[in-house]
Amino acid sequence: MATLEVKNLCKDFHVREGGNRRILNAVQDVSFELVPGGTVALVGQSGSGKSTVARMIAHLERPTSGQVLLDGAPAPTRGRGVHKYRSQVQMVFQDPFASLNPFHSVGHHLERPLRLHGVATSKADVHAHVIELLERVQLSPGRDFLARRPHELSGGQRQRVAIARALAPQPSVLIADEPVSMLDVSIRLGVLNLLARLQREEDLAVLYITHDLATARHFSDRIMVMYQGEVVEDGAPDDVILRPQADFTKRLAAAAPEPARNERMIAAASRYAKDTTNDR
Amino acid sequence: MAELITESIAVRADAADEEPDDSQRRRGRSAFWRRLLTPKFVVGAVVVLLIVLFGLIGPLITQDPNAIDNIGLSSPSGAHPLGTTSVGQDVLAQLAHSTRGSLTVGVLVAAFTLGLSAFFGIIGAYIGGITDEGFSLLSNVMLVIPGLPLVIVIASYVESQSVLLVIVVLALTGWAAGARVLRAQTLSLRNREYVLASRVAGERTWRVICVEILPNLLPVMSSGFVFGIVGAVLAEAGLSFIGIGATGSLTWGTMLADAQNGQALLFGAWWWFAPPGLLIAALGAALSLINFSIDEVINPKLRTTNIAKVERRTKREHQS
């Protein structure tokens, strides 16, 4: 099982605004470590750079500076090495409606990574693996899903297919970029529990990117809060949420809906309503 | 109508559920064809099919189109169903061979054009960087070079013009607009998450382009291909009409040019110039009809709803 280490990762984008160019520091000096069986949550608002971190780890963006180390060795940047790196590090994308090609069947989405990474080679072997993957993400019977196209599946089912695809190369590190933010609230927990179970079974190192502090607290061993490209808070989940240090984290924690406070507000509102009707 | 609305809401609620129902499963590629099968498409396809069959079978059963006879400019009769030209050639035979010639030019030019625009548009946009800059500079330059004058210059510069030369010239001057459309589409597709996901899965670049991106460009490309045929047939007819088409070939354009030179209009020999003109118009109209139908399927904004049909269907569903 592999450990992924991120060291002083930075990413600058060149932005053109009208005539003048300026540099946007999307990610500044981010460092952390993903260990087998452990989950690190990366929390932040839109545009805070958390997805850029994920893309750099998944080799979709090149870091401006800093390093990604897999088992102590720098991640290769070209050639066969990248392919090998990808069989270890996989990613689940945010939007299950966009991450599956509308043109291809569910079977195709799972067969390709199996073949590309040599997990299975013969036709029967690939078929058996695809069925097994589908059933592991609770799409059973798997045979029924093989020929279906993404538009025939619900959001939750699609995200399960996307998770199965990420697991196909048998990786040891999984990047989950807001895996449930596009799903109905009612099925979020199911998908998150599935991810947690798969993590236990495979001893995966998981980077869980989210903007939801509650699920981050529930599912991770460590929370990092990003704000405008920088990590502003880093620590054990309970410390970060109950005793936030940075200004941004305090605001984030305060913004989370709190059932007790809501009840007080409802009570106050109904008292107010009663008073005004009595006045009339 | 109220029931219709509640029903559609119910269907949407089902879709949000974990298990989509059967009617949803049936949508997809078959729905593409069902939506394509509009009256417009059927009429267009039938006309195109008839013209193609005429071009394929006609030359086999008609007389020699170049056989000269001394009965010049005879009106349609039993021996010559569409009459003869001024030198006594059978117009029907000429028309059959011309149909074959024009269609060949049209399809080949459209295919070459599509190939060139796909190469420069898709590959440039996907790879990006300096390749994209170069390719789009080239297509922009080709776009502003006026096509027909260039064709005239090239065609008059080369001594003997073969059909292949005409095809190549037309393809070289016609690919730029298609390349720009495909480039724009590819730019939007290359950052879709499923393309990124296939890269993360370890797909090679050519496979990402051919298997993940290309299928999603097919509707755009097929519509470009259909318009390409019309454009090429018209351009070739124009070239032949002004006398710089392929030498010794038989197309609708050469027939019209011959009719013009033979002063068919002056002699009232309508059977000489009307058939090729009508076939050009019919092919253009039919291919446009097909193109409109494809457009309606790809572009939801153009989608028309047959309200009577929808109401009939809901009534049927209520009864059952």
Side-chain angles (χ1 to χ4, degrees), chain A residues 54-55 57-61 82-87 89-105 108-118 138-139 144 147-157 160 162 165-166 168-169 171 175 177 182-184 186-187 190, chain B residues 11-35 126-129 133 185-186 188-222 297-298 300:
Chain A
R55 282 159 172 250
I57 297 174
H59 227 292
L60 292 170
E61 300 271 9
V82 174
H83 198 71
K84 243 184 165 158
Y85 174 81
R86 283 191 164 139
S87 71
V89 181
Q90 280 290 312
M91 179 166 172
V92 175
F93 287 84
Q94 175 177 8
D95 185 355
F97 295 90
S99 69
L100 301 175
N101 193 332
F103 203 82
H104 294 308
S105 68
H108 172 95
H109 282 101
L110 300 183
E111 275 166 24
R112 289 303 302 165
L114 286 171
R115 284 184 193 278
L116 281 165
H117 295 280
Q138 292 160 0
L139 293 175
D144 288 1
R148 292 217 205 161
R149 263 157 232 289
H151 67 89
E152 300 170 53
L153 305 178
S154 68
Q157 288 173 329
R160 285 166 204 271
R165 168 175 61 190
I175 315 294
D177 186 2
M182 302 293 280
L183 301 180
D184 274 9
S186 55
I187 44 181
Chain B
V11 168
R12 217 162 293 153
D14 278 350
D17 252 335
E18 278 285 287
E19 204 61 50
D21 61 334
D22 241 27
S23 67
Q24 249 194 318
R25 203 169 301 164
R26 265 182 270 121
R27 266 178 241 162
R29 223 178 267 177
S30 66
F32 177 84
W33 288 110
R34 215 173 37 235
R35 250 190 277 136
Y126 184 75
I127 294 175
E133 293 287 339
Q185 283 284 325
T186 310
S188 119
L189 286 175
R190 67 181 283 232
N191 286 323
R192 299 273 166 95
E193 281 189 353
Y194 61 79
V195 174
L196 298 179
S198 70
R199 278 169 64 195
V200 170
E203 296 280 17
R204 288 165 183 281
T205 304
W206 68 266
R207 223 191 129 93
V208 173
I209 292 177
C210 296
V211 181
E212 306 292 330
I213 292 181
L214 206 60
N216 292 293
L217 290 172
L218 276 182
V220 183
M221 289 171 77
S222 58
V297 177
I298 346 172

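Residue numbering restarts at 1 for every chain, and letters A, B, ... go by the order of the sequence lines. Hydrogens, waters and symmetry mates are skipped; everything else that's a heavy atom, side chains included, is used.
Taking B:Arg204, B:Arg192, B:Glu203 one by one and counting their heavy-atom pairs under 4.5 Å with chain A, the maximum is reached by B:Glu203. Each of A:Val92, A:Leu100, A:Val82 has some count of heavy-atom pairs under 4.5 Å with chain B, and the biggest count is that of A:Leu100. With respect to chain B, the highest number of heavy-atom pairs below 4.5 Å among A:Ala58, A:Pro102, A:Pro113 belongs to A:Pro102. By number of non-hydrogen pairs under 4.5 angstrom with chain B, the leading residue of A:His108, A:His83, A:Arg112, A:Gln94 is A:Arg112.
Heavy atoms of A:Leu116 lying under 4.5 Å from chain B belong exclusively to its side chain. With a threshold of 4.5 angstrom between heavy atoms, B:Val195 does not approach chain A through any atom at all.
Rounded to the nearest 0.5 angstrom, B:Leu196 CG and A:Glu61 CD are separated by 9.0 Å. For the atom pair CE (A:Met182) and CD (B:Glu193), the distance works out to 8.0 Å, reported to the nearest 0.5 Å. In this structure, A:His59 NE2 and B:Arg199 CZ are separated by 10.0 Å, a value rounded to the nearest 0.5 Å.
Side-chain N or O atoms of A:His117 include one that pairs as donor or acceptor with a backbone N or O of B:Ala201 at under 3.5 Å. Side-chain atoms of A:Asn101 come within 3.5 Å of backbone N or O of B:Glu212 as a donor-acceptor pair.
For A:Ala162, the side-chain contact (heavy atoms from CB on, under 4.5 Å) partners two or more places apart in sequence, or in a different chain, are A:Ser99, A:Gln159, A:Arg165.
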